[in-house]
Amino acid sequence: MTDIIVIGGGIAGLSAAAQLSADAKVTVLEQESSTGYHASGRSAALYEENYGLPSTVALNTASKSYLFEANGGYLTQRGFLILAQADERPAFETDAETLGADEVSLDRALELVPILNRDRLAFAGYHADAFDIDTDRLMQDFIRLIRANGGEVVTKSPVTAISRTGTGWQVVAGDSTYNAPKVVNAAGAWADNVAKMAGIAPLASSRIGGPWHAFRHQTAMTCATGRCSLAWARHGMPSPMRVR
């Protein structure tokens with residue numbers, strides 16, 4: 001019997017499992033054929049310490065030294081550019097202050113991103129201390145640590161049932177049944193479904209326009225030599241995609 005079952009093989013599940021594996025035997029269950037299959041493997045993977053709600057910023061700060069120093073570090077300098085139109089000055093100033101971005105000229109913005117349409121822009125801000133995260137190496141290092149500490153990562157194992165036992169929890173995943181005193185729900189977009197299987201009320205989900213939605217107006221881009229990432233779409237949820 002394992003000590004802890006972690007449901008979800010994305011960055012949240014693997015990082016939690018890796019840290020827990022120092023003191024417990026951990027089993028990670030991932031429904032897909034590989035870890036990091038969904039959001040963890042498809043995001044812009046940007047580390048911007050000042051982005052998010054206060055709770056998120058606190059987590060960003062707490063993770064900073066690990067991301068910079070562990071195993072030679074996982075961060076590469078990129079930079080973060082925010083853009084606004086003429087009628088968006090108040091929101092631009094608020095978001096620039098939140099991110100610690102310095103206002104720069106449109107000439108400088110076009111140097112960073114030559115494809116920008118200058119006629120559509122009025123303001124630009126740049127924050128150099130934004131970094132690419134090597135998420136693939138980060139997740140693979142977490143997997144190696146889990147296995148080195150006697151744990152396992154099991155793919156192609158969708159969880160279909162969770163029930164309480166006299167000593168903890170029983171989880172049915174794929175063709176196997178697992179038992180453990182503790183279960184960690186790190187299933188990402190499927191977290192509510194996992195909670196319901198365990199008889200736990202899911203947390204209320206945020207929607208567009210909710211209080212966490214910090215970037216109201218601007219398009220934000222992350223930039224490095226020869227490449228940029230469109231990080232947040234105008235009036236949209238955080239939904240990173242890369243433009244090369």
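Numbers here simply count residues along the sequence, with the first being 1.
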key: Side-chain (Arg42) to main-chain (Tyr37) donor-acceptor, under 3.5 angstrom   = yes

request  = Show the numbers, then the answer: is there a side chain to side chain contact (heavy atoms under 4.5 Å, CB included) between Leu112 and Val104?
outcome  = CA-CA 11 Å; Leu112 291 166; Val104 297; 5.7 Å; no

inquiry  = Do Glu30 and Ser157 pair up side chain to side chain, a donor and an acceptor below 3.5 Å, judged on atom types alone?
reply    = no

message = Side chains of Trp190 and Met197, heavy atoms from C-beta outward: is any pair under 4.5 Å?
response = no

remark   = For Arg144, the salt bridge (charged side-chain N to carboxylate O under 4.0 Å, His left out) test, sequence neighbours excluded, returns Asp141

task = Please test Leu46 against Ile133 for side chain to side chain contact (heavy atoms under 4.5 Å, CB included), starting from the C-alpha separation and ending with a verdict.
result = CA-CA 6 Å; Leu46 175 77; Ile133 308 171; over 6 Å; no

query = Heavy atoms, side chains only, cut-off 4.5 Å: are Ile162 and Gln170 in contact?
reply = no

request  = Measure from the side-chain N and O atoms of Gln77 to the backbone N and O of Ala128, and report whether any donor-acceptor pair falls under 3.5 Å.
outcome  = yes

query = So do the side chains of Trp169 and Arg164 get within less than 4.5 Å of each other, counting heavy atoms only?
reply = yes

ask   = Glu69 side chain to Tyr66 main-chain N or O, any donor-acceptor pair under 3.5 Å?
value = no

inquiry  = Assess the residue pair Asn179 and Thr167 against the criterion (side chain to side chain contact (heavy atoms under 4.5 Å, CB included)); give the C-alpha distance rounded to whole Å, side-chain angles, the decisive distance to 0.1 Å, and a yes or no.
reply    = CA-CA 9 Å; Asn179 292 278; Thr167 57; 6.0 Å; no

note = In this structure, CD of Gln19 is separated from CG of Leu145 (nearest 0.5 Å) by 7.0 Å

OH on Tyr47 to CG on Leu75, rounded to 0.5 Å = 7.5 Å

note = dist Arg147:CZ -> Glu152:CD (nearest 0.5 Å) comes out at 9.0 Å

inquiry  = Test your reading of the model: is there a side-chain donor-acceptor pair from Thr94 to the backbone of Pro90, 3.5 Å cut-off?
reply    = yes

task = Take Lys64 and Glu49 through the test salt bridge (Lys or Arg N to Asp or Glu O under 4.0 Å) and record every step on the way to the result.
result = CA-CA 8 Å; Lys64 186 174 183 177; Glu49 184 176 358; 3.0 Å; yes

task = Evaluate whether atom CD of Glu97 has more than 12 neighbouring non-hydrogen atoms of other residues, nucleotides or ligands under 6.0 angstrom away.
result = no

query = Does one hydrophobic cluster hold both Val154 and Ile7, with members joined at side-chain heavy-atom distances below 4.5 Å?
reply = yes

remark   = Nearest heavy-atom approach of Ala186 to Val6 is CB-CG1, 4.3 Å

ask   = So, for Ser105 and Ala124, which heavy atoms are closest and what is the spacing to 0.1 Å?
value = O-CB, 4.5 Å

inquiry  = Going by side-chain hydrogen bond (donor to acceptor under 3.5 Å, both in side chains), Ser21 matches just one of Thr27, Asp3, Asn149. Which one?
reply    = Asn149

message = Determine whether a donor-acceptor pair (N or O, by modelled atom type, separation under 3.5 Å) exists between the side chain of His127 and the backbone of Phe80.
response = no

message = Taking the side chain as everything from C-beta on, heavy atoms only, tell me whether Ser63 gets closer than 4.5 Å to Leu67.
response = yes

request  = Measure the OG-CG distance between Ser15 and Leu138 for me, rounded to the nearest 0.5 Å.
outcome  = 7.5 Å

ask   = Under 3.5 Å, side chain of Asp192 to main-chain N/O of Pro202, donor-acceptor pair present?
value = no

message = What I want to check is whether the side chains of Asp132 and Thr76 have a donor and an acceptor closer together than 3.5 Å.
response = no

request  = Kindly indicate whether the side chain of Glu32, heavy atoms from C-beta on, has any atom under 4.5 Å from the side chain of Thr155.
outcome  = no

task = Could you tell me if the ring centre of Phe131 sits under 6.0 Å from that of Phe68?
result = yes

message = Looking at every non-hydrogen atom in both residues, tell me the closest pair between Gly9 and Leu14 and how far apart they are.
response = O-CD1, 3.5 Å

task = Mind listing the closest non-hydrogen atom pair of Tyr126 and Gly79 along with its distance?
result = OH-CA, 3.5 Å

message = Test your reading of the model: is there a side-chain donor-acceptor pair from Glu48 to the backbone of Asn50, 3.5 Å cut-off?
response = yes

query = Is it true that Val183 and Val153 fall in one hydrophobic cluster, defined by side-chain heavy atoms closer than 4.5 Å?
reply = no

query = Any chance CG of Asp175 has more than 12 other-residue heavy atoms, nucleotides or ligands included, within less than 6.0 Å?
reply = no

request  = Could you check if a side-chain atom of Ile4 sits within less than 4.5 angstrom of a side-chain atom of Val184, using non-hydrogen atoms only?
outcome  = yes

note = CG of Asn193 to OG1 of Thr160, rounded to nearest 0.5 Å, is 12.5 Å

query = To the nearest 0.5 Å, how far apart are CD in Glu111 and CG in Leu106?
reply = 11.5 Å

query = Could you go step by step and tell me if Tyr51 and Val57 meet the side chain to side chain contact (heavy atoms under 4.5 Å, CB included) rule?
reply = CA-CA 6 Å; Tyr51 172 71; Val57 172; over 6 Å; no

ask   = Okay, side chain of Thr2, backbone of Ile5: is any donor-acceptor separation there less than 3.5 Å?
value = no

note = Nearest heavy-atom contact between Val26 and Ile146 is O-CG2, 4.3 Å

Geometric cation-pi criterion, Arg137 with Phe142: 6.0 Å, 45° = no

key: Exercise: identify the closest heavy-atom pair between Ala17 and Val28   = CB-CG2, 3.5 Å

